[in-house]
Amino acid sequence: MAEVLVLGSVNMDLVAEVDRLPRPGETLTGRGFATVPGGKGANQAVAAARLGMRTAMVGRVGKDGFGRILSDRLHAENVDTSALVASRKQPSGTALITLSPTDNQIIVVSGANAELGEADLDRLTPFFKKARVLLLQFEVPLPTVEKAAALAYLAGLTVIVDPAPAPKFGEPLSTDFCEYISVLTPNQTEAEQLTGIEILDVTGAIAAAEMLRGQGIEVVIITMGALGSVCTSANGSFAIPAFPVPVIDTIGAGDAFNGGLAAALCRADPALRLNDHNLLRPALDYASAVAALAVTRSGAQSAMPTAAEVEDFLKAR
Ligand code: RIB
């Protein structure tokens, strides 16, 4: 039975590599094209599974060619796909990604991911007996995410919510939802969207994290790429630097971080409370190392490191 549960999106990523992003109305010649399994939920599931966690994915694909490939890929990565359903009505979710050496643009077409609802929550709850962590993101309907968080939190699981893609600017998370979030992990942009605070440095990030925690969330971690990350709990705030690495492809970096965080929290001494910085500091270091390794490789799921690679990386630093 799974230790890490993921309820979320499964997409086929259609990635065009370009020298720079096109302007509106402009046609560019691409340098390369790849069709690779992605979706924030599936990427996080693969990240956790590669780190040696027993992982299960609750989600939806289409009854089409992409759906078969996406489901087979998760299965090959040792992710339990017994709660991954093939929809008859909708095609598999797709993400149209334009990737330049310095930036990327993503258009997500939800397809079957948009159908995730009550029936999927019924598929999720039987896993609660053995699981320690539930990972959620915002690429599937928000009411389903909110209900999943409440059910899991009340069942004693640690609920990690990655609020990606970012909600509308200045639109806060509902108070009821915040009550059931153990750890919120926005990146810099998402934290700005949720708080309206412009984040230029660690001080700004801590202010935003404290504001979010004030809404009832136990722990808030804001990731800021090369600027590292900050963490706020009832025991105060701290920042950790990023690991300097040569960046090849940042797609899925946040997913790597969340998968790494889930693995670290699962393996932590159960006697430690979630807001204990003796638990949070090493967990953040571990998650940052997972993300650092992921950005040195191309692709999303294919870039996720193994537990042995992360251990070697941390030892070498
Ligand atoms: O976080 C990266 C993911 O976002 C991609 O794999 C793509 O599917 C989009 O959902």
Side-chain angles (χ1 to χ4, degrees), residues 6-17 21 33-50 57-62 64 66-67 69-71 73-74 77 79 84 90-100 103-116 135-142 144-145 160-167 184-191 193 221-225 229 247-262 287-288 290-305:
V6 185
L7 179 132
S9 59
V10 186
N11 294 332
M12 187 59 90
D13 291 354
L14 310 177
V15 188
E17 269 186 75
L21 299 182
F33 175 76
T35 307
V36 288
K40 295 187 192 302
N43 295 348
Q44 293 180 12
V46 170
R50 285 210 181 163
M57 174 85 216
V58 179
R60 292 198 179 213
V61 291
D64 48 26
F66 280 170
I69 296 170
L70 292 167
S71 161
R73 185 70 246 147
L74 285 170
E77 293 284 354
V79 174
L84 185 68
Q90 291 286 339
S92 294
T94 42
L96 313 178
I97 303 180
T98 313
L99 182 67
S100 86
D103 217 341
N104 63 61
Q105 277 173 343
I106 305 183
I107 298 171
V108 176
V109 184
S110 301
N113 294 301
E115 288 188 338
L116 217 73
L135 278 163
L136 298 164
Q137 329 72 36
F138 285 179
E139 273 186 342
V140 295
L142 190 57
T144 310
V145 172
I160 302 177
V161 176
D162 173 16
L184 186 76
T185 58
N187 65 19
Q188 204 167 337
T189 316
E190 289 145 11
Q193 308 269 61
I221 296 170
I222 299 181
T223 58
M224 299 184 291
S229 43
V247 177
I248 301 289
D249 178 352
T250 56
I251 294 169
D255 302 327
F257 185 93
N258 280 281
L261 184 67
S288 304
V290 176
L293 280 166
V295 300
T296 62
R297 304 162 184 174
S298 60
Q301 293 176 19
S302 54
M304 301 303 173

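All ligand and atom numbering here is 1-based and tracks the order in the structure. Index from 1, following the sequence.
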**Asked** Taking only residues two or more places apart in sequence or in another chain, which ones pass side-chain hydrogen bond (donor to acceptor under 3.5 Å, both in side chains) with Asp249?
**Response** none
**Complete:** Scanning both residues in full, the closest heavy-atom pair of Thr223 with Ser229 reads CA-CB, 3.9 Å
**Request:** Say whether Glu77 and Gln301, considering side chains only, have a donor N or O and an acceptor N or O under 3.5 Å apart.
**Result:** no
**Request:** Verify, without hydrogens or angle tests, whether Ser9 (side chain) and Glu139 (backbone) share a donor-acceptor contact under 3.5 angstrom.
**Result:** no
In a simple table, one pair per line, please give the protein and ligand 1 atom names for every N or O pair closer than 3.5 Å, along with the distance.
{"unit_1": "ligand 1", "atom_1": "1 (O)", "unit_2": "Lys40", "atom_2": "NZ", "d": "2.9"}
{"unit_1": "ligand 1", "atom_1": "1 (O)", "unit_2": "Asp255", "atom_2": "OD2", "d": "2.7"}
{"unit_1": "ligand 1", "atom_1": "4 (O)", "unit_2": "Lys40", "atom_2": "NZ", "d": "3.2"}
{"unit_1": "ligand 1", "atom_1": "6 (O)", "unit_2": "Asp13", "atom_2": "OD1", "d": "3.4"}
{"unit_1": "ligand 1", "atom_1": "6 (O)", "unit_2": "Asp13", "atom_2": "OD2", "d": "2.6"}
{"unit_1": "ligand 1", "atom_1": "6 (O)", "unit_2": "Gly39", "atom_2": "N", "d": "3.1"}
{"unit_1": "ligand 1", "atom_1": "6 (O)", "unit_2": "Asn43", "atom_2": "ND2", "d": "3.0"}
{"unit_1": "ligand 1", "atom_1": "8 (O)", "unit_2": "Asn11", "atom_2": "ND2", "d": "3.2"}
{"unit_1": "ligand 1", "atom_1": "8 (O)", "unit_2": "Asp13", "atom_2": "OD1", "d": "2.6"}
{"unit_1": "ligand 1", "atom_1": "8 (O)", "unit_2": "Gly39", "atom_2": "N", "d": "2.9"}
{"unit_1": "ligand 1", "atom_1": "10 (O)", "unit_2": "Asn11", "atom_2": "ND2", "d": "3.1"}
{"unit_1": "ligand 1", "atom_1": "10 (O)", "unit_2": "Glu139", "atom_2": "OE1", "d": "3.0"}
{"unit_1": "ligand 1", "atom_1": "10 (O)", "unit_2": "Glu139", "atom_2": "OE2", "d": "2.4"}

**Minimal non-hydrogen separation, Asn258 against Leu135, with atom names** = O-CD2, 3.7 Å
**Prompt:** Taking all atoms of both residues into account, what is the closest heavy-atom pair of Pro167 and Phe138, and its distance?
**Reply:** CG-CE1, 4.3 Å
